[in-house]
Amino acid sequence: MAVNEIPAPGDLVFKPSGRAFFVHYVAMALVFFGPRLNPAVGLPVWLGTLLGLIVLGAVIYQKYGQEYRVTSRGVVRVWGWPSPREEEIAWENLGEILVLRGLTQTILQVGNLAFRDKAGERKLFWYGLLNPKEVKDLIER
């Protein structure tokens, strides 16, 4: 299946919200600033910096490297990097849509959508959507 880089005019496009990465931001701050503020923490400064940069890279990849689309064919997850690819469930095969949220996600009003096909297998996962219940309602319409 060829990847459609530009969404069609009728497509709904969603991206992960910056709020969804709150726990990542906290982890980044801990590993980056922890060894600098308290050298007795047991983590060398260079390792804290390296771990902080790795977490930052993961956040950038998750936030800007993918998008989620609702198209006339079905629901699609598109990755733009390292090589463009997409994963899709057609409307005729779409079974259940689940909203998955933890405590922190509920407080921050973000969550995930898990799509199951009619056979009941989890086939698609959308991470870090702002107001996932509203997104689910849009998809079900």
Inset, instruction - Could you state whether Val26 and Leu47 fall into the same hydrophobic cluster, counting links through intermediate Ile, Leu, Val, Met, Phe, Trp or Tyr residues with side-chain heavy atoms under 4.5 angstrom apart? - result: no
Legend entry - Leu30 side, atom CG; Leu51 side, atom CG - distance, nearest 0.5 Å: 11.5 Å
Legend entry - Shared hydrophobic cluster, Leu100 / Val23 (ILVMFWY, side-chain heavy atoms < 4.5 Å): no
Inset, instruction - Keeping to residues at least two apart or across chains, list the side-chain hydrogen bond (donor to acceptor under 3.5 Å, both in side chains) pairs with something in residues 14-32. - result: none
Legend entry - Within 6.0 Å of OH in Tyr64, more than 12 heavy atoms from elsewhere: no
Inset, instruction - For residues 96-113, pull every pair meeting side-chain hydrogen bond (donor to acceptor under 3.5 Å, both in side chains), keeping only residues two or more places apart or in separate chains. - result: none
Inset, instruction - May I ask you to test the Leu56-Ile60 pair for a side-chain heavy-atom distance under 4.5 Å? - result: yes
Inset, instruction - Enter the distance from Ile139:CD1 to Ile97:CD1 here, rounded to the nearest 0.5 Å. - result: 5.0 Å
Legend entry - Residue list, ring pair (Phe, Tyr, Trp, His ring centres under 6.0 Å) with Tyr61, at least two apart or on another chain: Trp81
Legend entry - side chain to side chain contact (heavy atoms under 4.5 Å, CB included) against Ala90, all qualifying residues, sequence neighbours excluded: Glu92, Asn93
Legend entry - For Phe14, all residues meeting ring pair (Phe, Tyr, Trp, His ring centres under 6.0 Å), sequence neighbours excluded: none
Legend entry - Leu50 reachable from Val59 in the ILVMFWY side-chain graph, under 4.5 Å edges: no
Inset, instruction - Measure the spacing between CD of Glu134 and CG of Leu138 and express it to the nearest 0.5 Å. - result: 7.5 Å
Legend entry - Student check: side-chain heavy atoms of Leu124 and Val75 closer than 4.5 Å: yes
Legend entry - Set of residues satisfying side chain to side chain contact (heavy atoms under 4.5 Å, CB included) with respect to Pro39, sequence neighbours excluded: none
Inset, instruction - Please identify each residue that fulfils ring pair (Phe, Tyr, Trp, His ring centres under 6.0 Å) with Trp91, with sequence neighbours left out. - result: none
Inset, instruction - Please check if Met28 and Phe21 belong to a single hydrophobic cluster, counting links between Ile, Leu, Val, Met, Phe, Trp and Tyr side chain heavy atoms closer than 4.5 Å. - result: yes
Legend entry - Nearest heavy-atom neighbours spanning Gln62 and Tyr127: NE2-CD2, 3.8 Å
Legend entry - ILVMFWY network linking Leu43 to Phe33, side-chain heavy atoms under 4.5 angstrom: no
Legend entry - Side-chain donor or acceptor of Lys63 paired with backbone N/O of Pro16 under 3.5 Å: yes
Inset, instruction - List, by chain and then residue number, the residues other than Val45 in its hydrophobic cluster (Ile/Leu/Val/Met/Phe/Trp/Tyr, side-chain heavy atoms under 4.5 Å); write none if there are no others. - result: none
Inset, instruction - Please say which of Arg77, Lys123, Arg73 ends up in a salt bridge (charged side-chain N to carboxylate O under 4.0 Å, His left out) with Glu88. - result: Arg73
Legend entry - Shortest non-hydrogen contact from Gly52 toward Val31: N-CG2, 3.5 Å
Inset, instruction - Provide the closest heavy-atom pair for Ala20 versus Gly128 in the form atom of the first, atom of the second, distance. - result: CB-CA, 3.4 Å
Legend entry - Contacts of Glu140 that satisfy salt bridge (Lys or Arg N to Asp or Glu O under 4.0 Å) - sequence neighbours left out: Lys136
Legend entry - Salt-bridge contact Arg69-Glu67 (side-chain N to carboxylate O under 4.0 Å): yes
Inset, instruction - Apply the test side-chain contact (heavy atoms from CB on, under 4.5 Å) to residues Val135 and Asn131: give CA-CA distance (whole Å), side-chain angles for both, the deciding distance (0.1 Å), then the verdict. - result: CA-CA 7 Å; Val135 174; Asn131 301 316; 5.6 Å; no
Legend entry - For Arg36, all residues meeting side-chain hydrogen bond (donor to acceptor under 3.5 Å, both in side chains), sequence neighbours excluded: Thr49
Legend entry - ring pair (Phe, Tyr, Trp, His ring centres under 6.0 Å) partners of residues 98-120, not counting sequence neighbours, each pair once: Phe115-Trp126
Legend entry - Set of side-chain hydrogen bond (donor to acceptor under 3.5 Å, both in side chains) partners for Tyr68, sequence neighbours left out: Gln66
Inset, instruction - May I ask you to test the Leu98-Leu113 pair for a side-chain heavy-atom distance under 4.5 Å? - result: no
